[in-house]
Structures are given as C-alpha cells and as structure tokens.
Amino acid sequence: MNILVVDDSHFNLSLAKRNLEDMPEISQILLCDDPRQVTAILDEYDIDILITDLVMPALTGLDLLKLLRSNKKYDDIPIIIFNTIDDMDTYKECFEHGAFDYINKPINTVELHARLKVAIEAKKSLNNLKALLEVTKRQNEELKEINAQLSEAKFNLVQSEKMAAIGQLAAGVAHEINNPMGYISSNFEVLQKHFSKISEFLALYKEKLLSGNLAPSEESVIELNQKFNSLNLDFILEDVNDIFTETKGGLERISDIVNSLRIYARSDKGDEKGYHSLQELLHQAILITNNEVKYVAKIALVLPKDIIIYCNRNQLSQVFINLIVNAAQAIKSQNRISLGKITIKALQEGNNIRIEIADDGPGIPEENLTKIFEPFFTTKEVGQGTGLGLSIAYDIIVNKHGGKITAESTPGKGASFILILPAV
Amino acid sequence: MKKILIVDDEIQILKSLTRMFMDTDYRIYTAQNSNDALSIIESEGIDMIISDMRMPLVDGYRLLNIVKEKYPKIIRILLSGYTEEKPMYRALLHNLAKLYIFKPWNNNDFLMNVKKLFENEDQMNSKDLIDIIDDLDQIYDSPGNCNEIIARLNEEDLNEVINLIESDPDISSCLLEVSQTAIYGVMPNSIRQAAQYIGLPNLKSFIYWASLKSSLKSDKADGGAFDTLQTHSYLTSRIFLFIYEAFLHKQPPEASMFAGLMHNIGLLIQLNSLRKKQSSGFGADASIEKLIQLDHEDYQHSHQMVGAHFIDIWDLPFSIYEATLYHHRPTDNNIVHNELVSAVNIAQAYAWRALSASDRIRVEPEVFASLNISVDDFEKRLARYLKQQKI
C-alpha cells in the first residue's frame with residue numbers, strides 16, 4: 001500500500017512518516033506539504049490511501065476533500081483527516097464530503113496504526129471488488145460474443161436447411177407438376193387441332209350460306225347472319241387463336257421452371273465428385289454463356305493455371321454459368337453504350353480456393369444481399385428467369401461442397417460473388 | 001395394324017395419349033395398373049408398350065422387366081415424370097426401354113418417334129440382314145470371363161465389377177487403353193478411376209468391346225488391319241466426345257458415351273469373317289485407303305446392319321444401336337437420336353481424315369448445320385486439339 005500524507009507542517013509530516021514506517025502493509029510513504037499539488041501526485045503515483053490535515057493555508061483539508069471527491073478518478077482512495085478542529089460542523093461536513101475516517105492530533109501511534117489498519121482493509125476489499133468486477137465484465141463480454149456467434153450459426157443452419165429443402169422440393173414439385181403438365185399440354189395441342197377443324201367447317205358453312213346454295217328460307221339465312229354477327233364470331237375466331245398462342249407460352253414457361261428444377265434434382269451421376277481443372281471449368285462456362293454475354297460485357301479471367309478443384313463438375317459449372325449470366329443481365333439492364341466488365345478471379349488460399357465473379361453493373365442494394373439466395377427471390381421483371389438460380393447455387397456450394405458463397409456490393413459500382421471452396 | 005398398350009395410373013394421362021393417337025392407324029389399349037396390362041398383353045398380343053414408372057403395387061420398372069423377359073419382341077417406351085435418379089438410372093442400366101420420354105412431352109415428336117421405332121423394327125427383320133448374319137461363320141458371344149462381369153453389372157455392384165476387371169489382364173489393359181485414347185478431356189490413371197468415371201451403364205458397352213477384341217485377337221485377325229480399325233474406333237470415340245463437350249456443351253445421352261467406340265463393330269466382325277473365308281477383308285492389302293473403301297463403299301450398307309444387329313442382341317442402349325446402324329446416313333428419316341448419329345458421322349469421317357492425312361472423305365454440310373456447328377470452326381479447333389494431343 002502506498003500512503004500520501006498532506007500537511008503544511010513539515011514537523012507533522014515527518015512525525016507521521018516515522019509512525020507509519022513500521023507498518024508492514026505500507027510499502028511507500030509520500031509526503032506533500034502543498035495541498036495544491038495533491039492531484040498531480042495522485043495522477044503520477046499509485047496512491048492507495050490519503051491522509052490530510054484540515055487547516056492548511058493554501059487549500060483547506062475540506063476543500064481538498066471536496067476537490068478530490070468531485071473527481072471520480074480518485075473515488076477509490078480512502079481519505080483520512082487529521083482532526084485538529086473542535087468545530088463539529090466542519091467535522092460533519094468532512095464526512096459528508098466523503099472523508100473515510102479521522103485521526104486525532106497530536107498523533108497517538110496506537111490510534112494511528114488502528115485507523116490505518118481499517119483503511120488498509122477497506123482498500124484491500126475495494127481492490128478485490130474492483131478486480132472481481134473486471135473479471136465479471138470480461139466474462140460478460142465473452143458471453144455476449146458467444147451468444148452472437150451462436151445466433152449467427154443458428155441463422156446459417158436454418159438458412160442451409162431451407163436451401164437443402166429446395167433439393168427435395170425440386171424433385172417432389174417437379175414430379176407432381178409434370179403429370180398434370182403432361183396431359184394439359186398434350187390435350188392443349190389436340191384442342192388446337194380440333195379447333196382448326198371446327199373453324200374450317202364454320203368457314204365453309206358461312207361461305208355456302210352467303211352464296212345461297214343451301215336454299216334455306218330467307219328468314220333462316222338472315223337469322224343465321226344476325227346470330228353470327230351478334231355473337232361476334234369473326235372476332236372470336238381470331239381471338240381464340242390468340243388465346244391458344246398465349247396459353248401455349250404460359251405452358252412453356254411452367255415447363256421451363258419445372259425443367260430447371262428437374263435438371264437440378266437429377267444430377268447426372270449422383271453427387272459424384274472428381275478432380276477438375278478450375279481453369280477448364282471456367283473456360284467452359286465462359287464459352288457456354290458467350291451468347292448471353294458478348295454484346296453486353298467483356299470477361300476478364302485472372303487465375304493461375306494449375307488450380308485443381310475437387311467437385312461435382314456439372315454442379316459447379318451450373319453455378320459459374322448462373323453467376324456469369326446474372327452479371328451480364330445486370331449490366332444489360334443499364335442499357336449502356338459501351339461494354340461492361342465482368343471479372344473472374346481465383347486463387348488458392350491455404351486449404352481453400354477463393355473464386356470471385358464481379359461485375360460493374362448497378363450493384364445490389366444492401367437489404368437484398370442475403371435475400372438473393374432465397375428461392376424465387378428475384379428483382380427481374382415478371383416472366384424473366386425463375387428466381388431459382390442463386391438458391392440452387394447456394395445449395396450446391398454450401399450443402400454439396402461444404403463451401404461458402406457471399407455477395408458484396410457497392411450500389412452504383414457493381415456486385416461481386418465470392419465462393420470459398422475447400423481445396424480437397 | 002400395330003397395337004399399342006399405354007399403362008399409367010393416372011387416367012387423364014391415358015385419355016390424353018389416346019387422343020394424341022387419334023389420327024393414326026394404331027389400335028390403342030390402356031391399363032391403369034400392371035396386372036391389367038399383363039392380361040391385355042396375354043390376350044391381345046401387343047407390339048408396343050408405353051408405361052409410366054410410378055404405379056401402385058407393381059411399378060413400371062418391374063412391369064417392363066417382366067415384358068422384356070417374357071415378350072422381348074414388344075417395343076418398350078418409358079414415359080415418366082419421375083425425376084429421382086435411382087429408378088431411371090437402373091432402367092437405363094438394364095436397358096429397359098428403347099426410348100425414354102419425359103412428361104410433359106411434345107405430341108408431334110412423340111408420334112414421330114413411335115413411327116420411327118416401328119419402321120426400324122421392320123427394317124431389322126428384313127430378309128437381307130438375316131442372310132448376312134447367317135453368312136457370318138461365328139457367333140460373337142461374350143467369352144466366359146465377360147459373362148461374370150456382365151452379371152455383376154446387372155447387379156449394380158460397381159466394386160465387384162472393378163475387382164473382376166482388375167483381375168483380368170486383357171480386360172484391364174483394354175480399359176486403360178480405352179480410357180487413355182478413347183475419351184476426351186479426362187485422363188483417369190487407374191482402373192478404379194476409369195471405371196468410376198465411365199460409370200456402370202457405359203461400362204457395359206465397354207465390356208462388349210473388350211470381349212469382341214479378345215475374340216478377334218484369338219481369331220488371329222490380321223494385325224495391321226485390325227489395329228488400324230481399332231485406332232480409328234478409338235479416335236472416333238474421342239472426337240465424338242470432343243464434339244459433345246466443346247461444341248454441344250453437354251454430355252452424350254445417358255449410357256451412350258461409347259457410341260463412337262462401338263459404331264464400326266459391324267465392319268470389324270464382317271471383315272474378320274470374310275478373311276477367314278479367304279475372300280477379301282483383312283487381307284494382304286490392309287492399307288488405310290483400302291479400309292476406307294471397305295468402310296464407305298464395299299460394305300457400307302451391310303456392316304452397319306451387322307453392327308446394329310449385335311448391339312441389339314447384346315442388349316446395349318438404343319442410341320448406340322442407332323449410331324451403329326446409321327453412321328453413314330445421318331440424315332435418314334427414321335433416326336430418333338439425330339444429334340448423336342450426326343456427331344458419330346462427323347467423328348468417324350474426321351478420324352479417317354486424320355489417319356489418312358487426306359481430305360477425301362467429306363461430311364454433308366447439312367449434318368454440320370443440324371448441329372449448329374460451323375465447318376471452319378470445327379476443323380480449326382479439331383486440328384488444334386489433335387496437334388496438342390500429338391495425334
């Protein structure tokens with residue numbers, strides 16, 4: 001323990017010192033004759049207990065007390081006052097302002113030791129409490145962090161389960177929809193054929209009526225003609241053809257969606273993986289997407305030749321193709337005059353392979369950055385795309401290959417997709 | 001009049017298919033379960049069966065198996081909305097159907113394919129072919145060891161199959177040879193890797209190739225000519241896969257990886273038989289030019305039929321059958337797998353060109369057009385690839 005004694009009288013200071021020296025718990029005794037320097041000393045030295053006189057010309061003990069107690073920095077230091085005043089009020093005020101204890105002057109050694117012992121014990125307890133508080137604070141921080149990690153892990157688990165479900169959903173939905181689609185589209189084709197036969201007959205019928213060869217009564221002819229017109233059959237005959245065309249388009253769209261689910265669910269040789277050259281896979285993806293990209297953007301490919309990746313070739317190709325096409329479509333939506341840029345980079349980082357596919361398109365708003373991996377989430381116009389590409393990509397990368405896929409974006413500057421895959 | 005039986009547990013599908021066949025001359029029968037289907041076959045006699053996979057009690061897989069065994073002459077078509085891999089994969093492995101159609105289907109395509117299948121059947125039953133086959137003085141059955149491998153294949157036990165292959169020096173060296181010179185893009189460096197990459201359905205084709213090769217070798221087929229034809233088959237296989245990968249950007253249809261490898265087995269078999277009879281064939285003049293002539297002119301028609309006949313009795317996929325039967329006439333109207341046959345046609349022609357270093361063999365421009373491939377682009381990239389592979 002370090003003690004600071006403050007008294008304007010040098011005699012009192014050395015007396016105090018002599019009396020304190022033989023207390024074993026006290027390691028350092030500092031003496032100060034000018035109360036105005038106390039704060040400086042407290043700041044510089046590690047003082048545990050302060051003993052101060054009350055009557056001092058420069059600054060009274062009470063004022064010193066008030067000064068110190070007004071600063072939280074010094075709250076931990078018990079302050080003992082030398083009692084030389086018979087003035088009860090001042091006395092009372094001292095304690096009201098945070099004095100810890102008092103020692104009578106002239107100094108009685110036994111009393112001094114006793115008082116100091118109390119102060120020392122109090123300080124020790126205070127120190128322990130403080131230490132305990134620090135430990136508790138630290139544990140609290142740790143708990144908070146673990147809690148945050150658990151929350152995130154739980155979120156990811158729920159996400160990946162959601163995404164895993166798409167695999168099963170894909171198979172189930174595809175099959176369930178395929179059956180009715182089968183007979184709807186087949187019947188539809190036949191309906192068209194039926195209808196053209198009916199129209200053919202109607203045309204002939206109309207022609208014969210007008211020419212009058214049927215020789216029905218005048219009234220009948222008029223009635224038929226009137227009926228034809230009031231039913232608006234001219235328009236209907238044409239409109240039905242339009243309806244056929246449009247409905248056929250709708251059926252084809254359903255077919256496309258189901259097909260993309262089907263292709264995904266029916267991976268060629270199960271989940272078989274093999275070693276493939278990353279460069280080759282990317283080259284192929286670029287080749288396949290050439291038509292979609294060539295008038296819209298330039299592709300820059302930056303990667304070392306020798307990266308080998310252990311993966312299911314078809315699935316990974318699907319992911320690359322999807323990301324490249326998305327990038328191209330994003331750039332295309334800006335209707336630029338000049339070509340945009342799609343950059344594909346890859347490198348080996350320790351046990352992982354990091355692949356980045358970036359575009360300089362409009363970017364993705366921050367609130368969408370995690371939503372984009374949800375099935376059917378799309379910002380494209382109704383009818384464009386299926387909204388499944390990224391969720392399928394997510395499932396392939398995360399569930400089937402144990403990797404990570406994230407999206408980053410600066411709105412206005414572009415977006416990039418980062419894939420981290422284990423190298424082995 | 002041809003009779004077609006349609007089997008599906010969903011009555012709406014039966015009605016729509018019956019409607020689809022409305023303007024045709026076929027007599028249509030329907031059944032909602034396998035038992036009824038089998039009774040109809042028993043009592044009426046059927047020429048073609050179109051069946052769904054998923055059905056109560058006895059499913060399509062079992063039904064087609066029974067039909068295949070009891071009534072092998074009935075043409076089987078699998079019509080399925082079933083997307084799960086396992087049953088489809090097994091159906092392909094066991095060659096349960098000549099054609100696999102997925103729901104939803106296109107009416108016109110469906111009708112055309114049915115027509116083509118019937119016409120093809122008629123063709124293969126023609127008298128000419130039967131005469132030629134009778135003329136061959138040998139039955140090319142698979143040698144003993146191959147039978148066991150085929151049996152394991154049918155039991156879908158890939159590990160056992162690999163073990164059996166590894167334990168047979170002829171077959172394993174043939175597999176290594178094939179995997180190193182008849183495949184595009186991948187270079188498996190062990191039997192196991194090769195077998196896993198190739199997969200069970202394709203391994204079946206490979207085993208028949210290996211056994212044919214053993215047969216011919218043990219027959220002491222003329223070394224030079226046989227080797228040249230083998231080299232040509234390997235190169236054709238490679239270019240075939242190159243076309244699919246680099247230009248069509250997809251894999252060949254299921255179980256038809258070795259369409260290019262098998263396409264000319266008819267020629268191999270026929271020439272060997274003729275040689276033994278001391279007529280032409282693998283004779284003293286086994287030059288490439290002579291072989292090209294035999295392939296494209298002298299035996300053009302017959303060797304395709306011979307090859308297809310064997311593919312048929314070996315129970316290999318219909319796509320390979322068509323590749324063998326039509327590889328010199330890819331624009332024939334009867335072909336169902338047009339894309340595949342065109343690819344084989346181009347591949348075999350350019351394989352001869354590479355081996356003979358001459359431009360004599362040409363491919364009809366419409367064949368390239370049907371695949372949307374530019375001739376110049378193809379020739380350039382093929383030349384680059386061959387140079388790179390030091391062929």
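These numbers come from the heavy atoms of this one structure, side chains and all, not from hydrogens, waters or symmetry mates. All chains are named by letter (A, B, ...) in the order of the sequence lines, taking the proteins before the strands, and each is independently numbered beginning at 1.
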Under 4.5 Å, heavy atom to heavy atom: which of [range] reach chain A? Give them by number, or say none.
range                       : result
residues 372-389 of chain B : Arg381(B)
residues 11-27 of chain B   : Gln12(B), Ile13(B), Ser16(B), Arg19(B), Met20(B), Met22(B), Asp23(B)
residues 242-250 of chain B : Glu245(B), Ala246(B), His249(B)

- Query: chain B heavy atoms under 4.5 Å from His194(A): which part of the residue, side chain, backbone, both or neither?
  - Reply: side chain

- Message: Tell me which of these, Gly182(A), Ser186(A), Ser185(A), has more heavy-atom pairs under 4.5 Å with chain B than the rest.
- Response: Ser186(A)

If you count every heavy atom of other residues, nucleotides or ligands that lies below 6.0 Å from [X] atom [atom1], does the total exceed 12?
X         : atom1 : result
Lys115(B) : NZ    : no
Glu156(B) : CD    : yes
Lys298(A) : NZ    : no
Glu200(A) : CD    : no

- Note on the structure: side-chain contact (heavy atoms from CB on, under 4.5 Å) filter on Ser34(B), not counting sequence neighbours, yields Met55(B), Val58(B), Leu63(B)

- Item | Least distance between heavy atoms, Glu10(B) atom then Asn179(A) atom | OE1-ND2, 2.9 Å

- Message: Measuring from atom CD of Glu189(A) to atom CH2 of Trp105(B), what distance do you get when rounded to the nearest 0.5 angstrom?
- Response: 9.5 Å

